[in-house]
Structure formats: structure tokens, C-alpha cells
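Within every chain, numbering begins at 1; the chains are lettered A, B, ... in the order of the sequence lines, protein sequences first and strands thereafter. What's counted below: heavy atoms across the whole structure, side chains too, no hydrogens, waters or symmetry copies.
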2 protein chains.
Amino acid sequence: MAGRPVDHQRRAELLDAVVDYTVEHGFSDLSWRPVAAALGVSTTTLVHRFGTKEQMLVAILARLRERIFAATSETLGEHPDLATAARAAWTRTSAPQREAEFRLFFAVYGRALQAPEQFAGFLDRVVADWMNALRDAQGPGTDPQTATRTATLVIATIRGLLLDLLATGDRERVQDAAETFLATLPRRP
Amino acid sequence: MAGRPVDHQRRAELLDAVVDYTVEHGFSDLSWRPVAAALGVSTTTLVHRFGTKEQMLVAILARLRERIFAATSETLGEHPDLATAARAAWTRTSAPQREAEFRLFFAVYGRALQAPEQFAGFLDRVVADWMNALRDAQGPGTDPQTATRTATLVIATIRGLLLDLLATGDRERVQDAAETFLATLPRRP
DNA sequence: ACATTTATAGTACGACCGTACAAAGAATGG
DNA sequence: CCATTCTTTGTACGGTCGTACTATAAATGT
């Protein structure tokens, strides 16, 4: 009655490989054939796993979001106050090893801004992930509105500084500005 | 000896029309034919004016940068201190009328981050424009390094907040965070 | 008027795109 | 063993892409 079972792990493997490829080769003119060639499979295999190209793009977005958030959130809950948590977040995101990943992130983000219905949920989720993490980093006694306000500001500033860093490569100037900002955050509740 | 003169104004007209089209229809899958159809000209006309597609993209970037910077810089030199200048900049950039323009801006920016050599100079210039304007907004007696640091931070924060606003549409929350940030800026030299 | 250069349009060509289709191998349950 | 389902591949089709080529109209200087 039941035939060969669906190999879900295989899809996950391929997705991760596709994300790796995308991080390296960019997102703007991604197509089946070069990706398949790079992975050593046929285009049909990719189509079989992801359905349509748009569905693959959505899958890439989701996986990329997972990766980026996982890499930063694991160190976000271990800090006593917002200042050190924000510093840890900044150190993580501005690390040179993750530069390519964040270049892709902003490319995807910008594209999602122009096609919100196509990538519905992605933008909201990316903000929500960080919001929750940074709200928790503040003391439990903090006024909710203040916590939201501060978290919004921290996320925006880190993201804006990262954008500057990726665009100019002037690490010294950007780091200097980051220090100034981090110094304004509350250090002990 | 000399034939018909080159009509440079025509190129400028077409470029502005193309930028208008791009603001509305997005940047990611722009191609000659739909643009030409929308403008009521042939693709050959566009090719004749811009050369190759890549050259047209570069032209779009340059014009978009001009537009955005012109719209905000005109009110940036008239303020007594940094706080009011930054507030004016934020009010301008976060205005709902310019939303589509900034969506395109971030899409272009993100793409330029992944193909820096293709859009060489664009990223540096976009930062430099604002840097100069915001450095001048601070008093002439300000320490240069402090001025650079503050300008970097203001630009990054505004850009990050704008990114959040465009992604979530939660104007109240973002505006709240913006007020918090603006309140930290020096108000009188 | 005439030669010369630009402006615009129509057409055509090769390349790549997404994806549908058919066929063959592999893994399951009965 | 066998039927069934999944996996992978090769191939083919229609469409769009960028752009080169050709021809005609318009605007200049002599």
C-alpha cells in the first residue's frame, strides 16, 4: 500500500546547500540551472523538492532568518542588562565572518520591502525575533512600553550601523559610533 | 560638417520617467520592454539613450540618490543645532509620501551590497552625502572626530528606524523610538 | 540643397529562463 | 515477488531577455 517514504532530510540538506550558494553568489538573479550545477544535481531534483522558484525563494528566506537569528540569539539571554546584551548582539552581527551572510540578508530584506505580499511574514518575523529577545534582556520590572521603545531603538541602530559598515567598510568609524550608542544604554537595573 | 546635435535633455526626461516607473514597479526584474511600453517608446530608444542595461541601472541609482538627497538636504542646513536638524531629517524621510521612494532605495542599496563592483561609488556616496550635511549641522567648534561619530550614529539610527517602519508599518512604535533617540542629541552648542 | 549626424522604430537572433513531461532506478509494505 | 510511491534524470516547449542590425525621419552646418 504505502510506497517509498518522503525524505524530508534530503530537502533540508539541499536547502542548506542552496542557501550557501546564495550567500556566495547573490540573490538577485538566482536560477535553477546554475544552482543545480553547483550542487551536482539536476534542476529537476530542485524542482521536485521546492515546487516552484518562488517557493524556493521563500524557503531560502526562512532558512536564512533561522540561521541569522540562531547565531545571535544564543548569546542574547545570558546577559544581566541591556547594555551588555546589545553589545554582544553588535559584536556578533559585525563580525567579519558573517559579512557575506548579512549582505545577503539586506539584499533579501530590500527586495521583500518592494514585494511585501510575495514574502509575507518575513519582514514582521525578522523584527519580532529581535524584539522578543531584546525585551527579555531588559529587567522584568521594566515598563512594557519603555522596553518596546528601547528594543526598537537598539535593533534599528545596530541594523543601521551594520548597513554603514557593509557599505563603506570603515570599521573604525562605525565601531566608534557603536561605542557611543552602547554607552547610552542602561547598565544595571 | 556637424549633424544633428545630441539631445541631452531628452535623456534626462527619459531617465526621470524610468526612475518613476522603477519606484512603482520595483527594481529586481526590470527589463527594457515593459519600461519602454509604459513610456510609450520603443526599446531601441532606451538602448540608444542608455547604452546597456547595466548602464541604465547605474543611471537610475545616481538619479535616485540625487532625488532623495535633494529632498532632504534642502532643509538640513537651516537648523541651529544637531537635534533639530536630525528631527527634520527624520520627519522628511519618514513621511508617507516618500515611502515608495525609500522602498526602492533600500532595494537598490541591498543589491549594491551584493554587487559592490557593479555599483561602485554608490554606497560610499550615499553615506558621504549625509555625513557632510550632518557634520555641518553641528557647530563649527565641534571636535571633528566627535562630529563624525555623531553624524554616523544619526544616519545609522534614522536609516534603521526607517527600515523598521517600512517593514512593519507600525508608525506609532517607531516614532516613539525616534523621539527617544532625538531627545539624546545636543540641543544647543 | 546637401552631406552628416542623431532619433526612433521594427525586426531578428541566440541565450537563458521556469517548468511540464516521460522514463528509469530505489525503497517501502504486503 | 509485486504493487506503489518517491527520487532522479534528460529532454523539450514556450516565453522573455539583452542587444545587434537595418531603415526611415528629423535636425543641423555649409
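By the 4.5 Å heavy-atom criterion applied to side chains, B:Arg171 and B:Leu165 are counted as neighbours. Side-chain contact between A:Thr180 and B:Thr150: absent, with no pair of heavy atoms (C-beta onward) separated by less than 4.5 Å. Side chains of A:Arg63 and A:Glu66 form a contact here, defined as non-hydrogen atoms less than 4.5 Å apart.
The nearest whole Å value for the distance from the CG atom in A:Leu46 to the C1' atom in D:dT9 is 12 Å. Atoms CZ (A:Phe50) and P (C:dT19) sit 13 Å apart, rounded to a whole Å.
A close approach under 4.0 Å does not occur between any side-chain nitrogen or oxygen of B:His48 and OP1 or OP2 of C:dT8. At D:dT7, one or more side-chain N or O atoms of A:Arg49 fall inside 4.0 Å of OP1 or OP2 (strictly under the cut-off).
Of the listed nucleotides (C:dA9, D:dG29, D:dT9), C:dA9 has the atom at the smallest distance from the side chain of B:Ser42.
Scanning both residues, A:Ala85 and A:Ala137, for their nearest heavy atoms gives CB-CB, 3.7 Å.
Around atom CZ of B:Arg125, no more than 12 heavy atoms belonging to other residues, nucleotides or ligands sit under 6.0 Å away.
Heavy atoms of A:Thr45 sit under 4.0 angstrom from at least one base atom.
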Walk along nucleotides 16-27 of chain D from 5' to 3' and tag each nucleotide B, S or - by protein heavy-atom contact under 4.0 Å, base first, then sugar-phosphate. -BBB------BB
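Note: B:Leu46 CG to B:Arg33 CZ = 11.5 Å, rounded to the nearest 0.5 Å.
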